[in-house]
Amino acid sequence: MRSAALILFLVLSWPLSLKSECVLQQQAVTGYIQEGDVLLGGIFPLHLSPGTQPEIFTRPPRSHSCQRFSFRSFRWILAFLFAVEEANRTPGMLPNLTLGAAVMDSCSEAKGAVGGTSWLLSGGPGRPMNYHCLGLPSRLTAVLGDADGEAAISVANILGLYNYPQINYFAPPASLSNRFFFPTSLSVAPTLSSQAKGIVRLLEEFGWSWVGVLSQATSSALSQSFLEEMESSRVCLAFWENLPSESSTEDVRWVSTIIRQSTAHVVVVFSLEAYLNPVLLELAYNGDTRDRIWLTTDAWSSSPSLVTSQLSKFLGGTLGLVLRNGAAPGFREFVFGLHPSHFNNHTFFKEFWEEAFSCQWTREMDNASFSQTGASKFSFSSSTFPFAPSPLPSSTKALCTGREDLGALKIFSDIGDLRVTYNVYKAVTMVAKTLKDMADCRQIGRALVGNHCADMANFNPWQLFFYLRRVRLKGNIGDDLYFDSLGNAPAIYDITNWQELSGVTYWVRVGSYESGAHLGQDLFINHSAIHWGGKFSQIPISVCSKECPPGFWKAPRLGQPHCCFDCIPCAIGSISNQTNAIDCFLCPEEKWPNSAHDQCIPREVELLSLSERLGISLGSTSILGSFLPIFVLLLFIRNRETPLVRANNCTLSFILLVALTLSFLCPLLLLAPPGNQICLIRQAAFGVLFTLCISCLLAKTVIVVLAFRANQPGGCLKIPMGPRWPIFFAVFCTTIQFALCCSWFSVDPPFLEHDVKTQLGKVVIRCNYGLGFWVMLGYLGFLSTICFLVAFLARKLPGAFNEATYITFSMLVFLSVWICFVPAYLSTQGKLGVATEIFAILSSSAGLLFCIFTPKVYIILLKPQLNTRAMVSGQQRMETTINRSIEPQYRRRYPDRH
């Protein structure tokens with residue numbers, strides 16, 4: 001008896017002791033409970049603002065009122081309840097178990113999410129946190145949520161302490177993938193990094209490299225992931241602005257001004273529609289004339305609250321990267337069968353009714369007034385606590401009747417468009433499948449410590465997590481439902497396009513993105529299905545600087561992003577053969593850029609040859625000029641017995657004429673296709689032949705001087721060795737030149753050279769003669785100077801030795817030509833240099849021929865009566881006659897000599 005009494009006392013006194021010793025402070029949360037054997041919690045941002053009045057702590061803190069009811073979040077709650085109901089009614093899904101649901105409103109802040117989590121862990125108001133108190137009808141298994149990144153992290157910190165699984169239905173922050181800090185956090189939604197990467201891939205696909213970003217402060221994780229992905233791509237920021245969390249007029253105007261002034265035609269938005277809407281309205285109402293495309297994520301890509309008469313046209317053409325559209329059979333009927341009476345007139349559902357139909361329930365509702373068909377299949381109990389929505393003034397709205405038609409609501413026009421909603425649905429489905437696997441005690445359960453299965457009547461949350469990590473099933477759209485090594489679901493997105501038809505806005509699927517696929521196969525876009533809202537006739541262009549075409553390179557602008565640059569033409573000799581080249585590169589030596597500097601083409605060959613006009617004219621002149629000394633030579637041979645020919649050392653004259661004939665033909669060697677052998681021959685032949693010519697003239701002049709000195713009275717100088725001495729003298733002087741040429745060829749021989757530096761865009765094929773050419777030319781100049789000086793001194797000698805005068809003129813012409821040749825040759829390039837040398841050879845050859853042989857040919861052909869021994873031996877008479885005969889012609893031919 002005493003034992004029974006003691007036990008009875010302890011049982012009766014337990015609530016009192018718990019109340020007096022283990023009671024939490026009152027928690028400011030709003031929740032809805034549907035009881036079951038096991039409880040699945042869900043935290044949702046049913047309201048978008050917790051209120052704006054700061055706490056001053058002059059009195060006990062009061063609970064802020066949640067504001068701005070979110071129909072989108074309410075749909076998530078309905079999907080949560082529908083999935084729980086479907087799991088309970090599906091045969092064989094939960095053997096001997098009933099799954100309950102606990103819905104908490106976080107009011108879009110981390111504080112509300114933490115309060116809801118502590119409420120779920122403590123089992124209700126007034127109970128110790130995480131105590132499994134006797135008499136509680138349900139045990140918590142896992143928690144879904146929250147949608148806000150900071151709230152999700154806060155919830156994960158608490159649930160991780162007690163090993164409760166957390167399943168995120170909205171894109172989780174990247175930090176939640178850290179298995180060390182958040183060991184029990186999972187996600188059925190793709191990670192923020194995959195979503196950020198998808199947005200960057202979308203920007204790259206359309207060539208948008210200059211974009212603005214609008215970010216909600218609580219979306220900093222997604223924004224940071226986008227920034228990291230963007231830094232490794234070609235996309236640059238035109239601006240980055242945080243949307244004001246409070247609708248401050250000044251902040252909204254500031255953000256709107258930044259958007260208006262930006263040159264970016266694409267704006268990426270990471271924000272819920274509640275924060276974006278004021279900025280959009282300010283832009284639309286105040287005459288924003290700049291056309292732009294909005295790119296968004298799940299946050300508002302299919303938000304019906306933005307489909308208004310003011311914004312529908314303004315947002316036309318918007319692209320959204322959203323979760324793959326799912327399917328939940330029966331969900332539409334569940335939604336359109338809603339009524340607050342099915343949920344014990346809970347605050348959530350009453351407020352939805354009031355917001356949806358713009359009416360207001362009476363303060364004291366008469367439950368009998370709800371004569372709706374189709375009673376709830378489950379018994380619901382509600383728990384409502386402070387922090388409830390504040391009622392709207394009754395004077396502004398009509399009373400709700402409970403007979404309003406849900407089918408007429410526009411907010412449910414897209415009820416089949418399940419994205420985040422489908423995430424909530426499949427999260428519940430995966431938990432239900434996990435419970436079934438635990439109950440069946442599949443083979444994976446043998447991995448638990450002790451090689452035993454979990455006790456379904458009293459299992460621990462870590463055991464559920466073990467099975468949850470290994471669950472795998474097919475979704476309603478054939479997708480694979482599982483968690484990877486980081487606890488994340490595979491990332492599959494749809495790309496939607498806002499299109500307006502007959503005043504109605506539609507979200508049309510125009511592509512898809514799969515982050516797990518290889519680059520190039522991860523993104524699919526049907527360009528023909530995209531409507532740009534009438535703003536653009538084709539894909540919009542959003543760049544800081546236009547592309548640099550081939551032939552230009554990008555020069556970064558100082559202090560600006562890498563997308564801002566100037567296009568600079570490639571320098572001489574370099575090209576760029578691709579768009580937006582970062583630099584130009586030089587062409588190979590044998591090639592040169594074309595006029596557009598976008599490709600290398602073979603250089604133009606700079607070579608004087610007989611195939612072009614200049615070469616033909618010079619070659620023809622050379623051949624025709626060679627006939628003149630031949631003619632004179634034949635004339636002299638025919639008249640070799642005449643006194644005039646005999647008096648001028650006919651042997652030297654014959655050698656001189658043959659040398660001049662060959663000299664006239666020397667330009668043909670310069671016009672011949674160059675080669676190493678040609679390079680050796682052409683200048684040596686020219687130098688030796690001209691040396692022979694000058695040596696003959698020098699020998700003639702020396703003989704005149706020596707003969708005059710020997711014939712003077714009392715002279716002691718004798719003419720050496722007879723008439724063959726002048727020939728030996730000429731050969732000796734020529735031999736010296738020949739020896740110099742041989743030394744030149746042995747020490748530094750000429751060679752064929754392809755010169756690509758002298759003339760731009762051309763390759764000059766020429767012979768490189770080196771220093772030996774100038775030594776050879778110097779020796780020739782030395783002989784010419786000696787010959788000129790000796791002839792000049794002997795020009796007035798008496799008797800028949802009057803040829804010195806003509807040699808003087810010929811040397812004067814010869815030296816003038818070659819003195820002018822040196823600077824002209826050095827200042828010209830390519831084939832003009834060869835033409836200059838040919839002109840000098842022809843001019844000097846013609847000068848020698850005409851100055852020396854013209855008087856003699858004149859006498860032989862036109863004045864034969866003067867070609868007598870008497871006239872040749874009579875110095876004065878002969879000179880007078882010749883001068884009078886040839887002076888007019890000579891003056892006309894050489895006017896500058898007088």
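Computed from a predicted model, the values in this text were never measured in an experiment. Quick note: numbers below take in every heavy atom, side chains included, and nothing from hydrogens, waters or symmetry partners.
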J.: Can you sort out the partners of Ser73 under side-chain hydrogen bond (donor to acceptor under 3.5 Å, both in side chains), two or more places apart, ordered by chain and number?
T.: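 Here the qualifying residues are Ser70.
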J.: Please give me the minimum heavy-atom distance between Asp146 and Ala113, naming the atom from each residue.
T.: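 So the minimum-distance heavy-atom pair works out to OD2-CB, 4.0 Å.
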J.: Are Phe44 and Phe80 near enough that their ring centres are under 6.0 Å apart?
T.: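 Close enough - the centres of the two rings lie under 6.0 Å apart.
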J.: Is the shortest side-chain heavy-atom distance between Val335 and Leu406 below 4.5 Å?
T.: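 Counting from C-beta outward, Val335 and Leu406 never come under 4.5 Å.
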J.: With a 3.5 Å distance limit and no angle check, can you tell me whether Asp105 reaches the backbone of Leu46 through a side-chain donor-acceptor pair?
T.: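 Yes, because the side chain of Asp105 sits within donor-acceptor range (under 3.5 Å) of the backbone of Leu46.
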J.: Is a side-chain N or O of Glu404 found less than 3.5 angstrom from the main chain of Gly402, in a donor-acceptor match?
T.: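 It does hold such a pair.
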J.: For residues Ser106 and Asp148, is any side-chain donor paired with an opposing acceptor at under 3.5 Å?
T.: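 There is no such pair between these side chains.
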J.: What's the verdict on side-chain contact (heavy atoms from CB on, under 4.5 Å) for Glu514 and Phe524, showing C-alpha distance, side-chain angles and the deciding distance?
T.: CA-CA 9 Å; Glu514 185 174 355; Phe524 166 75; over 6 Å; no
J.: Answer yes or no for Arg469 and Phe483: cation-pi contact, defined as NZ/CZ to six-membered ring centre under 6.0 Å and angle to ring axis within 45°.
T.: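 No.
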J.: In terms of side-chain heavy atoms, does Glu86 have a donor or acceptor partner in Tyr425 at a distance below 3.5 Å?
T.: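 Result is yes, a qualifying pair exists.
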J.: Roughly how far apart are Asn157 CG and Phe182 CZ, rounded to 0.5 Å?
T.: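 Between atom CG of Asn157 and atom CZ of Phe182 there are 4.5 Å.
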J.: So, taking the atom named OG1 in Thr141 and the one named CD1 in Ile167, what distance separates them when rounded to the nearest 0.5 Å?
T.: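 The distance works out to 8.0 Å.
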J.: Below 4.5 Å, heavy atoms only, C-beta onward: do Arg139 and Pro461 meet side chain to side chain?
T.: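 They are not in contact (no side-chain heavy atoms under 4.5 Å apart), so the answer is no.
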J.: Between Phe334 and Phe82, what is the ring plane arrangement, given parallel below 30°, perpendicular above 60°, and tilted in between?
T.: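 Rings of Phe334 and Phe82: tilted, as their planes differ by 30° to 60°.
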J.: With distance as the sole test, does Asn460 use its side chain to make a donor-acceptor pair with the main-chain N or O of Gln463 at under 3.5 Å?
T.: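 Judged by distance alone, no pair lies under 3.5 Å.
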J.: Charged N to carboxylate O below 4.0 Å: is that the case for Asp480 and Lys474?
T.: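 Lys474 and Asp480: salt-bridged.
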J.: Measuring only between side-chain heavy atoms, which start at C-beta, is Asn488 closer than 4.5 Å to Pro190?
T.: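 No, side chains not in contact.
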J.: State the CG-OG1 distance between Leu140 and Thr117, to the nearest 0.5 angstrom.
T.: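 Leu140 atom CG to Thr117 atom OG1 measures 9.5 Å (nearest 0.5 Å).
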J.: Provide the closest heavy-atom pair for Ala327 versus Asn476 in the form atom of the first, atom of the second, distance.
T.: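 The pair with the smallest heavy-atom distance is O-ND2, 2.7 Å.
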J.: May I ask you to test the Leu40-Leu99 pair for a side-chain heavy-atom distance under 4.5 Å?
T.: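 Yes, side chains in contact.
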J.: Would you say the side-chain atoms of Glu351 pair up with the backbone N or O of Phe348, donor to acceptor, closer than 3.5 Å?
T.: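 No; judged by distance alone, with no hydrogens or angles, the pair does not exist.
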J.: To check you understand the geometry: which heavy-atom pair defines the closest contact between Ala101 and Val84, and what is its length?
T.: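 Looking at all heavy atoms of both residues, the shortest contact is CB-CG2, 4.1 Å.
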J.: Salt-bridged, Glu354 to Lys350, with N to O below 4.0 Å?
T.: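 No, this pair does not count.
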J.: Start with the C-alpha gap between Val188 and Asn168, add the side-chain angles, then the distance that decides, and say whether side-chain contact (heavy atoms from CB on, under 4.5 Å) holds.
T.: CA-CA 6 Å; Val188 292; Asn168 295 285; over 6 Å; no
J.: Does the side chain of Arg509 reach to within under 4.5 Å of the side chain of Ile495, using non-hydrogen atoms?
T.: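 Answer no - side chains too far apart.
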J.: Check the side chains of Asn344 and Tyr32 for a donor-acceptor pair under 3.5 angstrom, ignoring hydrogens and angles.
T.: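 Looking only at side-chain atoms, Asn344 and Tyr32 do not form any donor-acceptor pair under 3.5 Å.
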J.: Mark yes or no for whether Gln166, through its side chain, and Gly145, through its backbone, hold a donor-acceptor pair below 3.5 Å.
T.: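 Yes, the answer is positive, given that a donor and an acceptor are paired below the 3.5 Å cut-off.
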J.: Just checking, any donor-acceptor pair under 3.5 angstrom between side chains of Tyr422 and Asp479?
T.: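 Yes, Asp479 and Tyr422 have a side-chain donor paired with an acceptor closer than 3.5 Å.
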J.: Could you tell me whether the side chain of Phe270 reaches within less than 4.5 Å of the side chain of Gln216, counting heavy atoms only?
T.: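 Side-chain contact under 4.5 Å: no.
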J.: Ser358: what forms a side-chain contact (heavy atoms from CB on, under 4.5 Å) with it, not counting sequence neighbours?
T.: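 Once residues adjacent in sequence are excluded, the partners of Ser358 under the side-chain contact (heavy atoms from CB on, under 4.5 Å) criterion are Lys397.
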J.: Any idea which heavy atoms bring Leu435 and Met456 closest together, and the distance?
T.: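 Smallest interatomic distance, heavy atoms only, reads O-CE, 3.7 Å.
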J.: Report yes if the side chains of Ile525 and Leu202 come closer than 4.5 Å at any heavy-atom pair, otherwise no.
T.: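 In short, these two side chains touch, coming nearer than 4.5 Å.
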J.: Below 30° counts as parallel, above 60° as perpendicular, anything between as tilted: where do the rings of Trp353 and Phe357 land?
T.: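 The rings of Trp353 and Phe357 sit tilted, inter-plane angle from 30° to 60°.
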J.: Spell out, as yes or no, whether a donor-acceptor pair under 3.5 Å connects the side chain of Arg179 to the backbone of Leu486.
T.: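 Yes.
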J.: With side-chain contact (heavy atoms from CB on, under 4.5 Å) as the test, would you mind laying out the steps for Leu321 and Gln195 before giving the verdict?
T.: CA-CA 8 Å; Leu321 188 72; Gln195 192 174 28; 4.1 Å; yes
J.: Answer yes or no: is there a donor N or O on one side and an acceptor on the other, between the side chain of His47 and the main chain of Ser108, under 3.5 Å?
T.: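 Judged by distance alone, no pair lies under 3.5 Å.
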J.: Work out which heavy atom in Ala147 is nearest to a heavy atom in Tyr169; give both atom names and the distance.
T.: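 Smallest heavy-atom distance, with atoms named: N-OH, 3.5 Å.
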J.: Taking all heavy atoms of Ala189 and all of Asn423, pick out the closest pair and write down the distance.
T.: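 Taking every non-hydrogen atom into account, CB-ND2, 3.5 Å.
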J.: Just how far is it from atom OH of Tyr467 to atom OG1 of Thr434, taken to the nearest 0.5 Å?
T.: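 If we round to the nearest 0.5 Å, Tyr467:OH and Thr434:OG1 are 10.5 Å apart.
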J.: Taking ring-ring contact (aromatic ring centres under 6.0 Å, His included) as the definition, give me every residue that meets it alongside Phe74, ordered by chain and number, with sequence neighbours left out.
T.: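 Counting only residues at least two positions away or on another chain, Phe74 forms a ring-ring contact (aromatic ring centres under 6.0 Å, His included) with Phe69, Phe349, Phe352.
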J.: Taking NZ, NE, NH1 and NH2 as the nitrogens, is one of them in Arg201 or Asp522 under 4.0 Å from a carboxylate oxygen of the other?
T.: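 Counted as a salt bridge, because a side-chain N and a carboxylate O are separated by less than 4.0 Å.
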J.: Starting at OG1 of Thr421, measure out to CZ of Arg75 and round the result to the nearest 0.5 Å.
T.: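 Interatomic distance, Thr421 OG1 to Arg75 CZ, rounded to 0.5 Å: 4.0 Å.
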J.: Kindly indicate, with the supporting measurements, whether the criterion side-chain contact (heavy atoms from CB on, under 4.5 Å) is fulfilled by Leu399 and Thr401.
T.: CA-CA 6 Å; Leu399 294 179; Thr401 64; over 6 Å; no
J.: When rounded to the nearest 0.5 angstrom, what is the spacing between OG1 in Thr98 and CG in Asp37?
T.: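 Reported value, rounded in 0.5 Å steps: 4.5 Å.
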J.: Would you say the side chain of Thr318 lies within less than 4.5 Å of the side chain of Thr296, judging by non-hydrogen atoms?
T.: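 They are in side-chain contact.
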